[in-house]
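Notes follow the structure.
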Amino acid sequence: MTADPTPPLALYVHWPFCVSKCPYCDFNSHVRESVDQLAWRDALLADLAHEARALPGRRLGSIFFGGGTPSLMPPATVAAILAAAERAWGFADAIEITLEANPSSVEAARFADLAAAGVNRVSLGLQALDDAALRFLGRAHGVDEGLAALATAQAAFGRVSFDLIYARPGQSLAAWEAELRRAIGFGTEHLSLYQLTIEPGTRFATEAAAGRLTIPDEDSAADLFETTRTIAAAAGLPAYEISNHARPGAESRHNLAYWRYQDYAGIGPGAHGRRAGLATARHKKPENWLGAVARNGHGAQIEDALAPSERAKEALLMGLRLREGIDLARVAQIGAAPIADLIDEPATARLAAQGLVTRDRDRLVVNETGMLLLDAILAAIVRA
């Protein structure tokens with residue numbers, strides 16, 4: 001974790017619209033027949049101005065356009081948001097500006113314009129390198145179209161990442177190894193590799209409840225997880241967070257701001273933020289958020305002060321996901337309490353004796369062998 005008391009601010013911009021809803025997705029994404037692009041641009045700019053007034057005197061180190069499918073945003077809207085953000089806060093040197101994109105030919109055609117607008121990093125939702133798997137995941141693109149979009153992205157942007165989902169029904173270890181090695185061969189600096197999980201409220205949850213969908217059991221999932229980390233690390237893309245792999249120096253600076261528990265502003269429907277001890281959240285439904293902006297000049301629904309103990313708990317839960325672990329002195333400072341009041345020291349000692357965590361005076365790290373059991377480790381260590 002950084003020792004800088006005032007690290008750069010991060011800005012998250014949520015674009016909630018998608019062409020279709022994927023059956024595994026529990027994100028705040030919506031399908032609409034039409035979108036008033038001018039109204040949405042103006043509302044996002046108003047929401048941004050509210051955050052800028054609440055967080056003066058900061059510089060932006062990263063901006064992330066997420067969704068939904070922000071590659072459906074007009075490049076002119078992206079450019080307007082970036083210009084307003086720079087006027088409001090100023091940009092740190094080498095600011096990272098990421099946009100999530102679907103790898104369709106229609107959206108890839110916008111990549112050059114998005115790069116010209118100021119986006120310098122793209123995260124592509126490839127999700128699989130198998131056409132049958134993509135159909136199962138509800139994706140609108142096929143492998144060939146996705147790889148063409150990847151090539152276009154690599155030509156347009158200085159930094160490129162893409163996502164894959166593994167532990168799919170019926171996926172063998174050998175098949176995943178081959179898919180992962182092929183993915184690594186495309187030479188991107190960053191990969192996000194997620195195990196398929198069944199999230200409440202999704203179509204996959206309905207299918208699983210009816211017995212029509214079964215994902216790999218715990219032992220098979222553990223083998224897939226361990227193989228993923230071994231192959232990626234051997235290829236020079238070690239895991240720096242439980243599901244994210246990067247070449248040294250190519251980690252997502254924006255996501256690191258979350259995991260290191262730094263301040264970030266969130267605008268757009270459902271966006272969350274953390275600023276100066278406050279938890280912020282926007283109205284989730286697009287129409288409700290738009291109405292709130294029209295009434296109030298911003299889309300915030302919640303702006304609540306967090307108790308120091310709650311902030312420390314959040315810092316622990318986020319930071320222990322990282323390979324670098326957490327700075328215990330900083331967590332104690334956040335929590336305004338001795339670290340022994342914030343973590344269960346006997347449980348930590350037992351986990352350390354088992355080789356699952358490393359604890360010294362200044363730092364607590366979940367070891368490689370412990371990452372597979374991260375949820376259980378967090379439950380044991382972090383005081384409620």
Side-chain angles (χ1 to χ4, degrees), residues 4-17 26-30 39-68 70 77 80-82 84-92 98 254-319 330-331 333-337 342 382 384:
D4 183 350
T6 55
L9 181 68
L11 171 66
Y12 176 77
V13 182
H14 192 79
W15 183 260
F17 302 115
D26 68 338
F27 295 159
N28 185 34
S29 60
H30 304 265
W40 272 83
R41 184 190 69 185
D42 289 346
L44 285 167
L45 292 174
D47 215 13
L48 185 152
H50 174 77
E51 288 299 303
R53 288 190 294 270
L55 280 165
R58 303 291 295 273
R59 293 181 73 78
L60 285 172
S62 67
I63 301 173
F64 195 102
F65 292 87
T77 297
I81 291 169
L82 294 179
E86 186 170 22
R87 287 194 302 269
W89 285 295
F91 287 173
T98 302
H254 184 85
N255 286 335
L256 282 173
Y258 299 154
W259 296 322
R260 289 172 171 165
Y261 207 61
Q262 297 167 357
D263 281 348
Y264 61 96
I267 67 169
H272 288 252
R274 291 291 183 274
R275 52 170 153 86
L278 290 180
T280 69
R282 263 51 187 168
H283 290 273
K284 190 171 182 181
K285 187 177 179 181
E287 290 77 12
N288 292 349
W289 174 83
L290 206 60
V293 175
R295 291 191 308 274
N296 307 320
H298 60 82
Q301 183 178 27
I302 295 170
E303 292 182 319
D304 289 343
L306 292 172
S309 60
E310 185 64 23
R311 295 178 62 216
K313 180 179 178 180
E314 289 186 342
L316 286 162
L317 293 174
M318 297 299 282
R330 179 170 180 259
V331 172
Q333 183 180 38
I334 290 170
L342 303 171
V382 181

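When a residue number appears, it is its place in the shown sequence, counting from 1.
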Test item: side-chain donor near acceptor, Glu287 and His30, under 3.5 Å
no
Do the side chain of Ser29 and the main chain of Gly68 share a donor and acceptor less than 3.5 angstrom apart?
no
With the side chain counted from C-beta on, respond yes when Asn255 and Thr98 share a heavy-atom pair under 4.5 Å apart, and no when they do not.
no
Report yes if some heavy atom in the side chain of Trp289 is under 4.5 Å from a heavy atom in the side chain of Lys284; otherwise report no.
no
Taking NZ, NE, NH1 and NH2 as the nitrogens, is one of them in Arg282 or Glu51 under 4.0 Å from a carboxylate oxygen of the other?
yes
Is it true that a side-chain atom of Arg59 and a backbone atom of Phe91 form a donor plus acceptor pair closer than 3.5 Å?
yes
Might you point out which heavy atoms bring Leu45 and Ala84 nearest each other, and give the distance in Å?
CD2-CB, 3.7 Å
Can you see which heavy atom on Ala336 is nearest to which on Pro308, and at what distance?
CB-CB, 4.1 Å
For Pro7, is there any backbone N or O sitting under 3.5 Å from a side-chain donor or acceptor partner on Arg58?
yes
Are Tyr264 and Tyr258 an aromatic pair, judged by ring center distance below 6.0 Å?
yes
Can you list the steps and then say if Leu82 with Phe65 is a side-chain contact (heavy atoms from CB on, under 4.5 Å)?
CA-CA 10 Å; Leu82 294 179; Phe65 292 87; 3.8 Å; yes
Is a side-chain N or O of Asp47 found less than 3.5 angstrom from the main chain of Gly299, in a donor-acceptor match?
yes
Hey, mind stepping through Asp42 and Val293 against side-chain contact (heavy atoms from CB on, under 4.5 Å) and telling me if it holds?
CA-CA 10 Å; Asp42 289 346; Val293 175; over 6 Å; no
Measure the shortest side-chain to side-chain distance between Pro16 and Trp40 over non-hydrogen atoms and say whether it is less than 4.5 angstrom.
yes
Less than 6.0 angstrom separating the ring centers of Trp15 and Phe17, yes or no?
yes
Within a 6.0 Å radius of atom CD on Gln301, are there more than 12 heavy atoms belonging to other residues, nucleotides or ligands?
yes
Report yes if some heavy atom in the side chain of Leu306 is under 4.5 Å from a heavy atom in the side chain of Arg274; otherwise report no.
yes
What is the minimum heavy-atom distance between Ala271 and Gly266, and which atoms define it?
CB-C, 3.6 Å
How close do Ala85 and Leu11 get, counting heavy atoms only, and between which atoms?
CB-CD2, 4.1 Å
Quick check for you: to the nearest 0.5 Å, what is the distance between His298 atom NE2 and Ile267 atom CD1?
13.0 Å
One should read off an interatomic distance between Asp304 CG and Glu310 CD, to the nearest 0.5 angstrom, of 11.5 Å
With a 4.5 Å heavy-atom cut-off, do Glu303 and His50 have their side chains touching?
yes
What verdict does the side-chain contact (heavy atoms from CB on, under 4.5 Å) test give for His272 and Tyr12, after you've listed the backbone C-alpha separation in whole Å, the side-chain angles of each residue and the deciding distance to 0.1 Å?
CA-CA 8 Å; His272 288 252; Tyr12 176 77; over 6 Å; no
In Å, rounded to the nearest 0.5 Å, how long is the span from CD1 of Ile81 to CD1 of Ile63?
9.0 Å
Report yes or no: does Trp89 contribute a side-chain atom to a donor-acceptor pair with the main-chain N or O of Leu55 at less than 3.5 Å?
yes
His283 backbone acceptor or donor facing Asn288 side chain under 3.5 Å
no
Taking every heavy atom of Asp263 against every heavy atom of Ala276, the minimum-distance pair comes out as OD1-N, 3.3 Å
Spatial distance of atom OG1 (Thr280) from atom CZ (Arg275) [nearest 0.5 Å]
5.5 Å
Non-hydrogen atoms of Val331 and Ala315 that approach each other most closely
CG2-CB, 4.5 Å
